Amino acid sequence: MSLNIQKNGEQEVEQLLITLLGDSRFGSWVAGEMALGKGETIHLTNPATGQHFMSYQDAGEAIVQTAADAAMVAQKLWWAKTATARGQIMWACGAKIRQVAEEVAQLESISAGKPIRDCRVEVAKVADMFEYYGGWCDKMTGQVIPVPTSHLNYTRHEPYGVVTQITPWNAPVFTGGWQIAPAICAGNAVLLKPSELTPLSTTVLVKLIEEAGVPKGLVNVINGLGHTTGAAAIANPATKKVVFVGSPKTGGIIAAASAQRVIPCVLELGGKSANIVFNDGDLDRAVVGAQAAVFAAAGQSCVSGSRLLVQRGVYAEMVERLASATSKIPVGLPWLDDTMVGPINNLTQYQHINSLVNQGVAEGAVVASGGCRADIHGGEEGYFYRPTVLADVDNAMAVAQEEIFGPVVSVIPFDDEDEAVAIANASRFGLAGAAWTADVGRAHRMAAQVNAGTFWVNSYKAINVMSPFGGFGESGYGRSSGYEGLLEYTQTKSVWVETARDAAIQFGYSIE
Ligand code: ADP
């Protein structure tokens, strides 16, 4: 299908929904069916054109209850299958996603405003996630523990039952797969509430995995607002664990709501990651790495390298080269193959970026590139912001402390290794970090000293479903992906089996 979006993609989205969901009406996806909400009407805007392209209604409590009932039934059926059968179905999910990957990528690109080239990569990674966790299904072994008694003691990894997952708008289908795959691998059912701004691709994803054999009702997408539908899912007695990906502010609300019910939660929140370039780093690679770190997804990524710390010996050269390279980045309509930076997802976010940049400049930062709206033909009303390099930033400035979630890098000079560590750690966040250096010892010292859940050496943004991901500090707690992410979806049971012949006598009580 070739995209010919004249205005706002309304017809293209309708056509893609008919192809992928079998319905152009939109609501929640519950027990394998469309469930139309009756709550507040939510209007979706195309980020590249600023134009409305579709509306749907908030799911609300009644649909959440139907989804919770369906999930409880489906979870028992799913857990009763053999581990091998669950793994085979998850592998089939990967194949099914690959069959329609292009259509899913286009839907994501138009509705979330992400460059099509990024969407293609993310959809392929979602297929990988189902295959990776499909492989884990029959390998979730427990331990046999050599206890000092006559018991056989072993552990079992059991599912929670129903888990609620709440996701944001910056990588909707990617984050959906990232959380659904480990949850069902571990034997859980899911209530998933995507951001109300980007619900389409996640809903399609669940329809696809059902076509691959996942029982209807095992994964339900409840579409609507956070404070109504999201809150109802957390409050529902069926929910036994909550996994939240989003802003720190909302993360606090989610954690409090979970604590009220005494259920655990995982929080994957924001970041203000330090990307650190030393005098001895390979500058060619560091210039490219610094751009990939912060301009991919227009900086709307929790791991963005939004603080670039540069040692004084290469500071001037780094700023100059980075500013020059940044001015050449193709910014444009997200559905065009050449576009590397698309629009900001929504107006509120655009205004947040603009105001933090202006504040930085008022506090003394120097605009080396960008720093304003990008004018895009065909996207005159869209939320385009030029990739921006702010030089001479002080780490105390708001632009260096607040998560900007946009295509803006703040460049901060430093003198030596100790100062680099001190600046990197002078942040309430701790999601990621990186160091560019030729000194192996220094690379490992930095990896050990920077407070971050992920650290790269001479690289940035390498993330894979096989490796654990999560934050230190206000970037959250708990882990997603890898084996650790899988364990988040299990609770461990310790089983004691008496093996002694004279067991009854050991207790010392009379048998009569
Ligand atoms: P952003 O600023 O990224 O839009 P949030 O962190 O507020 O994001 O939202 C991330 C997700 O959390 C979205 O799916 C949103 O609907 C949901 N959400 C927001 N408020 C609540 C709430 N009170 N209870 C449950 N979910 C919420």
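Just so we're clear, the structure is a prediction, and the values are computed from it rather than from any experiment. Both backbone and side-chain heavy atoms feed into the values below; hydrogens, waters and symmetry mates do not. Atoms within each ligand, like the ligands themselves, are counted from 1 in listed order.
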Picking from Asp128, Val126, Val104, what satisfies side-chain contact (heavy atoms from CB on, under 4.5 Å) with Arg98?
Asp128
Flag for Trp29-Glu210: side-chain donor and acceptor within less than 3.5 Å
yes
Ala68 and Asn236 have their tightest heavy-atom pair at CB-OD1, 3.6 Å
In terms of heavy-atom contacts, Thr339 and Gly332 come closest through CG2-O, 3.4 Å
Apply side-chain hydrogen bond (donor to acceptor under 3.5 Å, both in side chains) to Asp69 and list each qualifying residue two or more places apart in sequence or on a separate chain.
Gln65
Which protein residues have a heavy atom closer than 4.0 Å to any atom of ligand 1, listed by chain and number?
Ile166, Thr167, Trp169, Lys193, Pro194, Ser195, Glu196, Gly226, His227, Gly230, Ala231, Phe244, Gly246, Ser247, Thr250, Ile253, Ile254
Kindly indicate, with the supporting measurements, whether the criterion side chain to side chain donor-acceptor pair (under 3.5 Å) is fulfilled by Thr164 and Thr239.
CA-CA 6 Å; Thr164 284; Thr239 295; 2.8 Å; yes
